[in-house]
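Here the structure is a predicted model, which is why all the values come from computation and not from measurement.
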Amino acid sequence: MVKQIIDEVVKRNPGEVEFHQAVTEVVESVAPVLEKHPEYKQAKILERICEPERQLMFRVPWVDDSGKVQVNRGFRIEFNSAIGPYKGGLRFHPSVYLGIIKFLGFEQIFKNSLTTLPMGGGKGGADFDPKGKSDGEVMRFCQSFMSELFRHIGPDTDVPAGDIGVGGREIGFMYGMYKKLRNEFTGVLTGKGLDWGGSLVRTEATGYGLIYFLLEMLKDMGKDIKGSTVVSSGSGNVSIYAIQKCQELGAKVVACSDSNGYIYDKDGINLKTVKQLKEVERKRIKEYLKYHPKATYEEGCDNIWKVKCDIALPNATQNEIDKKSAEKLVENGVWAVAEGANMPSTPEAIKVFQKAKVGFGPAKAANAGGVATSGLEMSQNSQRLSWTFEETDKYLNRIMKAIYKQSKEAAIEYGQEGNLVVGANIAGFLKVARSMYAQGIV
Ligand code: NDP
């Protein structure tokens with residue numbers, strides 16, 4: 001039956017390889033659940049979960065600074081609303097196509113379910129590259145994008161957020177346009193500025209949450225983050241705040257990257273410099289060497305996994321660790337891998353880690369802190385209140401601990417102790433399956 005479902009998904013969604021990869025992992029993991037629950041099999045819960053409830057694709061025309069008309073393609077996949085309004089980020093990157101958004105939206109269903117909060121799964125974006133564009137160009141693009149998206153979203157329907165290429169600046173431009181078109185001030189996007197409905201900790205949440213999850217994993221492994229050596233790929237939102245938390249806890253982070261290459265600083269990365277370069281000046285990571293000449297830079301992102309470390313944090317993009325990189329990490333003695341990016345390890349790489357008994361925290365569980373805090377932003381918007389940093393951070397920590405516990409316990413219940421990939425998939429799936437079953441064939 002597993003093969004049949006996967007084959008059908010591949011046939012119905014030709015060429016969408018990332019989506020096939022995400023579906024295959026989940027379907028294979030949850031097969032034992034269906035054996036225990038024939039009613040889910042009969043109600044075709046899994047087949048229905050693999051088909052998005054709604055898929056939107058639209059034209060996004062805009063005018064660049066030289067007066068030329070540009071045309072991009074926008075997407076929003078409203079994947080599953082069994083446990084709450086659709087929720088998931090928007091990605092602006094030239095590699096975006098339907099298959100990427102569908103893989104991300106599909107993963108989001110289970111991730112959101114794990115957070116313990118009432119959020120369904122969705123994802124969106126565009127094949128637009130904000131890199132090298134002026135603020136005016138980014139604004140015109142965001143306004144055009146929202147002039148179509150606004151009719152499909154709402155605080156109780158679908159609440160987008162940021163992802164690769166979509167940070168505070170883009171959320172601001174999109175929120176402004178939504179508010180103008182709808183004439184209402186509601187919590188329709190998360191990741192908003194603190195002066196206009198945003199939540200404290202949202203910026204730090206994915207990176208911090210990743211480390212809170214990692215700490216739970218390390219506790220069970222009898223290891224300490226203090227004094228460990230860490231490599232964190234990427235130098236965007238997730239990577240920066242994961243590095244910050246690692247440093248706070250006494251780990252040494254020696255390498256990070258961008259899509260051109262990576263820097264290595266044996267004395268530990270200076271995060272202040274990385275933040276200035278990436279968050280303020282929007283420059284390339286190799287400029288780090290201007291301020292820290294003893295550090296080194298190498299072109300190409302894959303090579304970062306050759307750097308010897310105890311803990312590896314893939315925080316850039318999908319499929320960034322392949323089998324060869326995983327083997328190199330194991331050879332160099334890595335003890336733990338926690339995924340901040342979505343699906344950063346290929347299935348072959350995961351097998352290498354599991355065989356070598358490396359602690360492995362899968363993205364769905366380990367990086368759920370971002371969307372969880374988006375959920376907390378929605379709660380604050382509904383209450384028309386703002387919580388303190390400490391309160392929100394404590395809540396995030398509690399959620400990450402709960403995600404770890406659910407994943408660990410589900411793995412044990414289904415006879416796969418220590419396999420958090422299977423555990424997270426099963427725990428996330430069960431809540432959605434129960435809800436879909438209760439709501440009938442819709
Ligand atoms: P950002 O855009 O802030 O940063 C992404 C970083 O990864 C940049 O350093 C970027 O380099 C690098 N990168 C992007 N694409 C590639 C590529 N194809 N090859 C190598 N490096 C690449 O995004 P985020 O930090 O927000 O997101 C990173 C990952 O985390 C994504 O997988 C995202 O889906 C996931 N995630 C993000 C959450 C969030 O709250 N932001 C929540 C959960 C998951 P460059 O600057 O050169 O493009």
Side-chain angles (χ1 to χ4, degrees), residues 204 206-215 217-218 221 223-279 283-317 320-322 324-341 344-345 349 352-353 356 358-361 363 366-367:
E204 296 85 357
T206 309
Y208 278 22
L210 176 71
I211 305 307
Y212 296 152
F213 185 92
L214 172 71
L215 290 178
M217 219 165 86
L218 293 182
M221 294 167 67
K223 297 269 190 194
D224 197 347
I225 193 168
K226 197 168 172 198
S228 65
T229 302
V230 178
V231 166
S232 170
S233 64
S235 48
N237 175 266
V238 179
S239 190
I240 284 178
Y241 292 96
I243 295 174
Q244 184 163 307
K245 190 49 87 181
C246 285
Q247 292 182 338
E248 253 177 62
L249 294 168
K252 185 157 85 171
V253 185
V254 293
C256 71
S257 60
D258 63 18
S259 54
N260 293 104
Y262 78 92
I263 52 164
Y264 172 73
D265 192 334
K266 74 171 179 12
D267 300 326
I269 298 282
N270 183 313
L271 191 60
K272 218 166 139 198
T273 308
V274 173
K275 278 183 154 189
Q276 176 67 21
L277 288 173
K278 291 307 216 177
E279 292 186 334
K283 292 226 172 99
R284 308 315 298 158
I285 198 71
K286 73 170 164 209
E287 306 260 334
Y288 181 91
L289 267 60
K290 269 198 198 156
Y291 305 93
H292 306 281
K294 282 197 198 141
T296 55
Y297 173 77
E298 203 183 317
E299 283 289 324
C301 334
D302 300 350
N303 291 333
I304 194 172
W305 306 118
K306 291 187 186 146
V307 176
K308 185 172 164 48
C309 62
D310 304 314
I311 297 168
L313 305 175
N315 287 334
T317 195
E320 56 171 308
I321 302 188
D322 60 7
K324 230 168 89 196
S325 298
E327 284 168 348
K328 195 72 204 164
L329 281 163
V330 170
E331 197 184 305
N332 281 337
V334 73
W335 342 303
V337 177
E339 298 186 318
S345 313
V352 171
F353 294 136
V358 170
F360 184 76
N367 76 17

Within the structure provided, determine whether [X] and [Y] are in side-chain contact (heavy-atom separation under 4.5 Å).
X	Y	answer
W305	D322	no
K324	D302	no
C309	L329	yes
L218	M221	yes
T229	V307	no

Sorted by first residue and then second, give each ring pair (Phe, Tyr, Trp, His ring centres under 6.0 Å) pair with at least one member in residues 239-266; sequence neighbours left out.
none

With sequence neighbours excluded, what pairs up with [X] under the salt bridge (Lys or Arg N to Asp or Glu O under 4.0 Å) test?
X	value
E279	none
K328	E331
K308	none
K283	E281

More than 12 heavy atoms from other groups under 6.0 Å of NZ on K286:
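No, the 6.0 Å shell around NZ holds no more than 12 heavy atoms from other groups.
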
Qualifying residues under ring pair (Phe, Tyr, Trp, His ring centres under 6.0 Å), relative to [X], sequence neighbours excluded:
X	value
Y288	H292
F213	Y404
F353	F360

Between D310 and K223, does any side-chain N to carboxylate O distance fall below 4.0 Å?
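No, D310 and K223 are not salt-bridged.
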
Quick check for you: to the nearest 0.5 Å, what is the distance between [X] atom [atom1] and [Y] atom [atom2]?
X	Y	atom1	atom2	result
R284	S257	CZ	OG	10.0 Å
Q276	T273	CD	OG1	8.5 Å
K275	I243	NZ	CD1	10.5 Å
L214	S228	CG	OG	8.0 Å
I321	E339	CD1	CD	7.0 Å
N303	S325	CG	OG	8.0 Å

side-chain contact (heavy atoms from CB on, under 4.5 Å) for Q244 and Y208? Distances and angles first, verdict last.
CA-CA 8 Å; Q244 184 163 307; Y208 278 22; 2.9 Å; yes

Contact list for residues 230-239, test salt bridge (Lys or Arg N to Asp or Glu O under 4.0 Å), sequence neighbours left out
none

For S233, what residues pass the side-chain hydrogen bond (donor to acceptor under 3.5 Å, both in side chains) criterion, not counting sequence neighbours?
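Per chain and number, S233 pairs via side-chain hydrogen bond (donor to acceptor under 3.5 Å, both in side chains) with E320.
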
Please name all residues satisfying side-chain hydrogen bond (donor to acceptor under 3.5 Å, both in side chains) with S235, sequence neighbours left out, ordered by chain then number.
none

Does the side chain of N315 pick up a donor-acceptor pair with the side chain of S232 at under 3.5 Å?
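On atom types as modelled, these side chains qualify, holding a pair under 3.5 Å.
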
Closest non-hydrogen atom pair, [X] against [Y]:
X	Y	value
Y297	I263	CD1-CG2, 3.9 Å
A363	A341	CB-O, 3.2 Å
V231	I304	CG1-CG1, 3.6 Å
P314	A338	CD-O, 3.2 Å
V334	A312	CG2-N, 3.9 Å
G340	N367	O-ND2, 2.9 Å

Per-pair distances, 0.1 Å, donor-acceptor, side chain in residues 246-256, under 3.5 Å, sequence neighbours excluded:
{"residue": "Q247", "atom": "NE2", "partner": "I269", "partner atom": "O", "Å": "2.9"}
{"residue": "E248", "atom": "OE1", "partner": "K245", "partner atom": "NZ", "Å": "3.0"}
{"residue": "K252", "atom": "NZ", "partner": "K266", "partner atom": "O", "Å": "2.9"}

With a 3.5 Å distance limit and no angle check, can you tell me whether N260 reaches the backbone of I285 through a side-chain donor-acceptor pair?
no

